[in-house]
Amino acid sequence: EAGVTQFPSHSVIEKGQTVTLRCDPISGHDNLYWYRRVMGKEIKFLLHFVKESKQDESGMPNNRFLAERTGGTYSTLKVQPAELEDSGVYFCASSPPGGFYNEQFFGPGTRLTVL
Amino acid sequence: AQSVTQPDIHITVSEGASLELRCNYSYGATPYLFWYVQSPGQGLQLLLKYFSGDTLVQGIKGFEAEFKRSQSSFNLRKPSVHWSDAAEYFCAVGPSGGYNKLIFGAGTRLAVHP
């Protein structure tokens, strides 16, 4: 069974440009999460989808970040326009339907560098 | 506010030596606690978790962790480290705010000397 996949693995853009990150969860996982790790600090929650609905977006830093999950399958996270402080590793995770007891499976992350 | 502290940023041990990675948490109720490991180029992999019951939990790859409520700690241990254990280790607590999100520590990077 394929794990959580993320694309691209690395992205280098200039300040002011737009970048779109993609996450493909494990098939059948209704729950999809985005997290971010900035400069060796802690991994921080961004948002949580249940199918195509946003369950919790309390971690989204500002309105330059837009997450979508059309059809409840893959998800995209768009940053527009990108700023220097957006650099970091963006992780996606998914978990089966149900409550918190279900393990979150993480992808390898997308390393974003904003110059 | 809920938080997780991993006091050690880097740890170096010799292969075959024992290992303990520290984790302290701040949480208003009974926490659910996790340890994840990230090897280079890989996603985070769950090593073990504590929800309730026996405070000593066994995980994969020979790791164990002990929940100590009085010390607000959930330290990860391994009796004999292998070179393949070199990775970054993250402690996490949840859920938070009634939702499924995890609160992570800053991670501990483990180096293993031959």
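Order of the sequence lines fixes the chain letters, A, B, ..., with proteins taken first and strands second; residue numbering starts at 1 for each chain. In this text the structure is predicted, and so the values were computed from the model without any measurement.
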Atom NZ of A/K54 with >12 non-hydrogen neighbours under 6.0 angstrom: yes
CG/A/L115: more than 12 non-hydrogen atoms of other groups inside 6.0 Å: yes
Atom of A/P108, atom of B/Q38 and distance for their closest heavy-atom approach: O-NE2, 4.1 Å
Contact class of A/R37 relative to chain B, heavy atoms under 4.5 angstrom: side chain
For B/Y36 against A/Q104, the heavy-atom pair lying closest together: OH-O, 3.3 Å
Option among A/D56, A/L46, A/L47 that satisfies the side chain to side chain contact (heavy atoms under 4.5 Å, CB included) test with B/K101: A/D56
B/F63-B/V13 co-clustered via ILVMFWY side chain contacts under 4.5 Å: yes
Smallest separation among heavy atoms of A/Y35 and B/L102, with atom names: OH-N, 3.2 Å
B/E88 portion near chain A, given a 4.5 angstrom heavy-atom threshold: side chain
Pairs of heavy atoms under 4.5 Å with chain B: top-ranked of A/E42, A/Q6, A/K41: A/E42
Single-linkage hydrophobic cluster, 4.5 Å side-chain cutoff, B/I103 and B/L48 together: yes
Common cluster, B/V93/B/Y89, ILVMFWY with side-chain heavy-atom separation under 4.5 Å: yes
Side chain, backbone, both or neither of A/S58 within contact of chain B (heavy atoms, under 4.5 Å): side chain
Linked, directly or transitively: A/W34 and B/F104 (ILVMFWY side chains, under 4.5 Å): no
CD/A/E14: more than 12 non-hydrogen atoms of other groups inside 6.0 Å: no
Backbone of B/N100 reached by a side-chain donor or acceptor of A/Y33 within 3.5 Å: no
